[in-house]
K.L.:
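A single structure is presented below for examination.
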Amino acid sequence: MERKRFIWISGRAISNMPLDSSFGGKDTMDDVAVPPPVSGTYPVPESDIAARVQALESILLEKGLLSSDAIDKVVETYEKDIGPMLGAKVVARTWTNPAFRARLLENAVAACKELGIGGAQGEHLVAIENTDKVHNVIVCTLCSCYPWTVLGLPPNWYKYPQYRSRIVIEPRKMLKEDFGLDIPDGKEIRVWDSSSELRYFVIPERPLGTENLTEEELASIVTREAMIGVAEVRKP
Amino acid sequence: MNLDVTGPAAVPRKNGELVFETPWESRSFGIAVALCKSGVLGWEEFRTHLIGNIGKSEKEDFAKTHEWNYYAIWEDSLEHVLLEKGIVTKQEIEEGVTRVEASWSHEEGSHHHSH
């Protein structure tokens with residue numbers, strides 16, 4: 001039988017979620033103390049949250065405020081159509097076309113539109129370039145603002161408190177220890193804090209030895225991590 | 001909807017991990033974004049709740065030691081903002097949850113596992 005997954009929460013909008021009777025049982029939560037029953041922090045079975053999501057969906061459907069199709073469409077769009085492959089296309093173009101690069105740095109929204117990339121929240125996109133003197137990395141210290149238009153949805157670690165606080169305080173150390181990216185001491189590191197108005201993405205440096213690759217081949221080596229700034233693009 | 005994100009047939013993602021770990025995560029994301037798109041909610045007002053809740057959760061020790069689930073906070077923020085705007089009531093949510101859970105135990109009883 002599948003092990004029940006618990007999720008820790010605090011301060012819910014509706015706090016009358018009773019603790020699951022199996023909480024504190026032998027097979028699931030051995031390592032945690034019994035939490036206070038009313039307020040504060042406590043684990044709830046994941047299925048409770050799943051039930052709340054499904055309940056919300058059906059209530060909103062009944063009220064005519066939503067359609068299942070609309071939700072499906074949003075989810076499918078972000079799962080299939082929008083993702084780092086779009087940003088990779090943009091980056092590859094900047095490597096092969098200096099005029100495009102200049103236009104992108106000047107106005108990322110307009111330049112992305114040239115490639116047919118835009119739409120939801122794309123109006124706040126800003127491209128920043130890595131050079132031999134400066135390495136850039138993006139974060140959202142407040143929540144999880146992210147350049148959705150070119151990168152899709154953020155990876156989980158981008159949303160974790162550990163990344164969001166530490167990358168600002170000790171970027172060089174964190175890049176090295178957590179991402180294996182060694183930025184030489186002489187190179188400046190700039191950390192860009194995204195907001196809903198300004199969503200940055202990084203144009204990584206083109207790796208040496210890729211002069212013979214086509215634009216499409218170049219796009220295939222550009223990773224999401226490189227466009228966040230926690231990795232470099234490597235020669236294939 | 002053919003959203004197989006957890007099973008063996010899950011679509012492999014380029015550049016790493018799955019966007020959503022479970023179907024409820026993707027639904028909660030989809031509901032909020034669809035409501036913002038249709039203008040029922042403002043993105044900024046939703047985001048304000050999200051930021052507040054994330055900030056609160058991070059003050060807790062569990063953020064460091066236990067599983068910190070972004071979409072659980074997302075779902076909670078969605079409830080907050082819908083309640084605050086009077087779009088749904090607590091009673092409606094609780095009744096809805098009861099109905100959903102009843103339907104699940106019914107399905108389990110008849111050997112269907114859909115959630």
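Convention: sequence-line order gives letters A, B, ...; per-chain numbering from 1. Predicted model, so just to flag it, every value in this text is computed and none were measured.
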K.L.:
Measuring from A:Ser47:OG to B:Trp104:CH2, what's the distance to the nearest 0.5 Å?
P.N.:
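One finds 6.0 Å between OG of A:Ser47 and CH2 of B:Trp104.
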K.L.:
What are the two closest heavy atoms between B:Ile54 and A:Leu142, and how far apart are they?
P.N.:
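Reported closest heavy-atom pair: CG2-O, 4.2 Å.
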K.L.:
What are the two closest non-hydrogen atoms of B:Ser26 and A:Val75, and how far apart are they?
P.N.:
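Heavy atoms only, the tightest pair is O-CG2, 3.2 Å.
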K.L.:
Given side chains that start at C-beta, do those of A:Leu153 and B:Phe29 come closer than 4.5 Å, heavy atoms only?
P.N.:
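They are in contact (side-chain heavy atoms under 4.5 Å apart), so the answer is yes.
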K.L.:
How about A:Ser68 and B:Arg27: do any of their side-chain heavy atoms sit closer than 4.5 Å?
P.N.:
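Yes; the side chains approach each other to less than 4.5 Å.
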K.L.:
So which part of B:Ser28 gets closer than 4.5 Å to some heavy atom of chain A, the side chain, the backbone, both or neither?
P.N.:
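Contact with chain A is through both the backbone and side chain of B:Ser28.
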K.L.:
Would A:Lys159 and B:Glu25 pass as an ion pair if we require N to O under 4.0 Å?
P.N.:
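Salt bridge: no.
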K.L.:
Can you see which heavy atom on B:Leu35 is nearest to which on A:Leu66, and at what distance?
P.N.:
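Taking B:Leu35 first and A:Leu66 second, the nearest heavy atoms are CD2-CG, 3.7 Å.
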K.L.:
Using non-hydrogen atoms and a 4.5 Å limit, figure out which bit of B:Leu82 sits close to chain A: side chain, backbone, both or neither.
P.N.:
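Just the side chain, heavy atoms under 4.5 Å.
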K.L.:
Measuring from B:Leu78:CG to A:Leu60:CG, what's the distance to the nearest 0.5 Å?
P.N.:
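Between B:Leu78 CG and A:Leu60 CG, I get 7.0 Å after rounding to 0.5 Å.
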K.L.:
Would you mind checking which part of B:Val97 comes under 4.5 Å of any heavy atom in chain A, side chain (CB onward), backbone (N, CA, C, O), both or neither?
P.N.:
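Both parts, heavy atoms under 4.5 Å.
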K.L.:
Do B:Val88 and A:Lys63 have side-chain heavy atoms sitting under 4.5 Å apart?
P.N.:
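Heavy-atom side-chain distance check passes, below 4.5 Å.
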K.L.:
Does a side-chain heavy-atom distance below 4.5 Å link B:Arg47 with A:Cys145?
P.N.:
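In short, these two side chains touch, coming nearer than 4.5 Å.
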K.L.:
Tell me whether B:Glu94 is salt-bridged to A:Arg52, with the criterion being a basic N under 4.0 Å from an acidic carboxylate O.
P.N.:
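Between A:Arg52 and B:Glu94 there is a salt bridge, with a charged N closer than 4.0 Å to a carboxylate O.
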K.L.:
Give, for atom CD1 of A:Ile59 and atom CZ of B:Arg99, the distance between the pair rounded to the nearest 0.5 Å.
P.N.:
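That separation rounds to 6.5 Å.
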K.L.:
What part of B:Glu101 gets closer than 4.5 Å to chain A, counting heavy atoms only: side chain, backbone, both or neither?
P.N.:
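Interface part for B:Glu101: side chain.
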K.L.:
For the atom pair CD1 (B:Ile51) and SG (A:Cys143), what is the distance rounded to the nearest 0.5 Å?
P.N.:
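That separation rounds to 4.0 Å.
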K.L.:
Could you report the tightest heavy-atom contact between A:Ala55 and B:Ile93, atom names first, then the distance?
P.N.:
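Taking every non-hydrogen atom into account, CB-O, 4.3 Å.
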K.L.:
What's the separation between atom CH2 in B:Trp24 and atom CG in A:Asp48, rounded to the nearest 0.5 Å?
P.N.:
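Those atoms lie 11.0 Å apart.
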K.L.:
Among A:Cys140, A:Ser144, A:Ser165, A:Gly152, which residue has the highest count of heavy-atom pairs closer than 4.5 Å to chain B?
P.N.:
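Highest number of heavy-atom pairs under 4.5 Å: A:Ser144.
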K.L.:
Does any part of the side chain of A:Glu197, heavy atoms only, come nearer than 4.5 Å to the side chain of B:Glu44, both counted from C-beta?
P.N.:
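Yes, their side chains come closer than 4.5 Å.
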K.L.:
Which heavy-atom pair separates A:Leu65 from B:Ser38 by the least distance, and what is that distance?
P.N.:
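So the minimum-distance heavy-atom pair works out to O-OG, 4.2 Å.
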